[in-house]
Asks: 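Below you will find the structure I want to go over with you.
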Amino acid sequence: MRQTIVPFLALAVVLGGGAHAQTNSAARLAAFAKLPDWTGIWEMGRAGPGQVFQPPKGGKLTGGPGRDLNLPYKPAWEARYEARQKEYAALPDTLTPPDPTITVCSWGFPRMELGPANFEITVTPEETMIVFDPSEIRHIYTDGRPHPTNLTPSPQGHSIGHWEGQTLVADTVGLDPTLWLTASGAQLSPKADITERWSMQDQDHISDQITIVDPIAFTKPLTFTRKFRRVKDTKHQIMQNCFENDREQMKNGYIETIYSDPNQGSSQ
């Protein structure tokens with residue numbers, strides 16, 4: 001009798017497991033069906049109404065990518081930024097500021113959205129993954145997990161989100177404060193908290209409304225919107241290595257340019 005029951009129970013477990021797997025698969029397919037299709041390569045749209053930043057009045061006009069971004073710095077952070085600009089302006093032409101996009105090969109978030117780089121989006125019920133060129137990946141987890149209690153700062157921080165209809169609402173904390181927000185060296189504090197609202201405008205345009213709250217560096221929240229358009233002439237992201245043909249090295253904390261012609265760059 002025992003020999004008959006054991007195989008029967010084993011068969012019941014297998015069949016039950018298969019039914020459970022089918023239920024999970026059906027549920028996941030149903031979850032997929034509710035998500036928007038953001039598949040493909042996206043690039044920065046051309047300047048136009050709503051494309052440039054929508055900053056509050058006041059703050060500092062910064063340079064480089066995002067040069068129209070006004071940062072509502074508190075006086076101490078404004079003074080630090082101004083001092084850094086004077087320091088960089090006094091550098092000889094053989095030295096340039098230590099931009100992290102060169103020194104550590106990372107744009108970081110949200111600066112990666114302020115430049116010209118393309119990116120690819122993959123949406124699943126558990127997370128939305130955004131792959132930027134060159135070789136930076138953001139994970140926005142939508143599986144219900146919270147932010148970790150002890151975060152190690154990183155270029156992309158830690159992002160969690162949820163869906164409000166067809167809009168992805170994301171919250172990011174734990175950003176590396178040594179990275180730059182703009183090419184002119186503006187930075188955020190370790191307490192910066194960034195909220196995003198990703199939404200599709202039409203079949204070929206998507207936007208990300210970004211709000212930065214920084215109780216240490218800012219006097220008020222900063223909100224702006226970036227708009228992107230779908231790249232139609234390719235279906236594959238071409239990734240680059242930012243260290244290819246690297247001809248620079250660090251000198252006293254700055255980037256030193258190595259000229260092939262010894263007479264080049266010797267004016268100062």
Side-chain angles (χ1 to χ4, degrees), residues 6-45 106-110 112-113 117-175 193-211 225-239:
V6 172
F8 177 79
L9 291 176
L11 177 61
V13 170
V14 170
L15 293 177
H20 182 69
Q22 289 179 350
T23 300
N24 287 344
S25 297
R28 196 163 190 271
L29 288 174
F32 259 113
K34 297 179 181 179
L35 299 175
D37 182 11
W38 294 349
T39 305
I41 311 298
W42 301 86
E43 67 179 359
M44 185 68 67
S106 179
W107 287 73
F109 176 73
M112 57 177 56
E113 289 190 31
N118 294 351
F119 58 89
E120 184 172 5
I121 303 178
T122 301
V123 179
T124 72
E126 296 80 19
E127 70 169 304
T128 294
M129 184 169 64
I130 308 176
V131 181
F132 286 82
D133 174 24
S135 306
E136 292 198 70
I137 303 176
R138 290 191 63 204
H139 298 271
I140 303 176
Y141 299 106
T142 51
D143 56 2
R145 74 181 69 186
H147 290 303
T149 53
N150 295 313
L151 269 177
T152 299
S154 64
Q156 289 77 38
H158 186 271
S159 301
I160 56 176
H162 65 276
W163 291 94
E164 295 181 1
Q166 299 291 290
T167 298
L168 174 61
V169 182
D171 180 69
T172 300
V173 297
L175 293 165
D193 190 320
I194 301 180
T195 301
E196 300 169 84
R197 296 184 66 87
W198 285 88
S199 60
M200 200 89 164
Q201 308 305 302
D202 55 48
Q203 185 62 30
D204 296 318
H205 296 86
I206 194 171
S207 68
D208 183 19
Q209 182 189 77
I210 299 174
T211 298
T225 300
R226 300 308 273 167
K227 295 185 177 181
F228 310 95
R229 59 188 177 189
R230 191 188 299 273
V231 179
K232 296 183 178 181
D233 59 353
T234 181
K235 294 183 179 180
H236 303 283
Q237 178 79 307
I238 300 176
M239 306 304 292

Asks: Rounded to the nearest 0.5 Å, how far does NZ of Lys232 lie from CD1 of Ile41?
Replies: 14.5 Å

Asks: Would you say Arg28 and Glu126 make side-chain contact, with heavy atoms under 4.5 Å?
Replies: yes

Asks: What pairs with Leu35 under side-chain contact (heavy atoms from CB on, under 4.5 Å), at least two apart in sequence or on another chain?
Replies: Phe32, Val123, Pro125, Trp163

Asks: Give the ring-plane orientation class for Trp198 versus Phe119, where under 30° counts as parallel, over 60° as perpendicular and anything between as tilted.
Replies: perpendicular

Asks: Restricting to non-hydrogen atoms, name the atom on Ile137 and the atom on Met129 that form the minimum distance, rounded to 0.1 Å.
Replies: CG2-CG, 3.6 Å

Asks: Return the minimal non-hydrogen interatomic distance between Glu113 and Phe228, and the atom names on each side.
Replies: OE1-CZ, 3.8 Å

Asks: How close do Pro110 and Ile194 get, heavy atom to heavy atom, and via which atoms?
Replies: CD-CD1, 3.7 Å

Asks: Testing Val231, Asp204, Ile121 one by one against Trp42 for a side chain to side chain contact (heavy atoms under 4.5 Å, CB included), which residue passes?
Replies: Ile121

Asks: Does the Glu136 side chain pair with the main chain of Met112, one donor and one acceptor, at a distance under 3.5 Å?
Replies: no

Asks: To the nearest 0.5 Å, what is the distance between CG (Asp208) and OG1 (Thr225)?
Replies: 8.0 Å

Asks: Please report the closest heavy-atom contact between Lys227 and Ser207, naming both atoms and the distance.
Replies: CG-CB, 4.0 Å

Asks: For the residue pair Ile140 and Glu196, what are the closest heavy atoms and their distance?
Replies: CD1-OE2, 4.4 Å

Asks: Over all heavy atoms of both residues, which pair between Ile160 and His158 is shortest? Give the atoms and the distance, please.
Replies: CG2-CE1, 3.5 Å

Asks: Check for a donor-acceptor pair, side chain of Arg230 on one end and backbone N or O of Trp38 on the other, with a separation under 3.5 Å.
Replies: no

Asks: Return a table of donor-acceptor pairs under 3.5 angstrom between the side chains of residues 164-172 and protein atoms on other chains or two or more places apart.
Replies:
from, atom 1, to, atom 2, distance (Å)
Glu164, OE1, Arg197, NH1, 3.2
Glu164, OE1, Arg197, NH2, 3.1
Glu164, OE2, His162, NE2, 3.0
Gln166, NE2, Lys34, O, 3.0
Asp171, OD2, His147, NE2, 2.8
Thr172, OG1, Arg138, NH2, 3.3
Thr172, OG1, Ser159, OG, 2.6

Asks: Is any side-chain heavy atom of Phe132 closer than 4.5 Å to a side-chain heavy atom of Gln156?
Replies: no

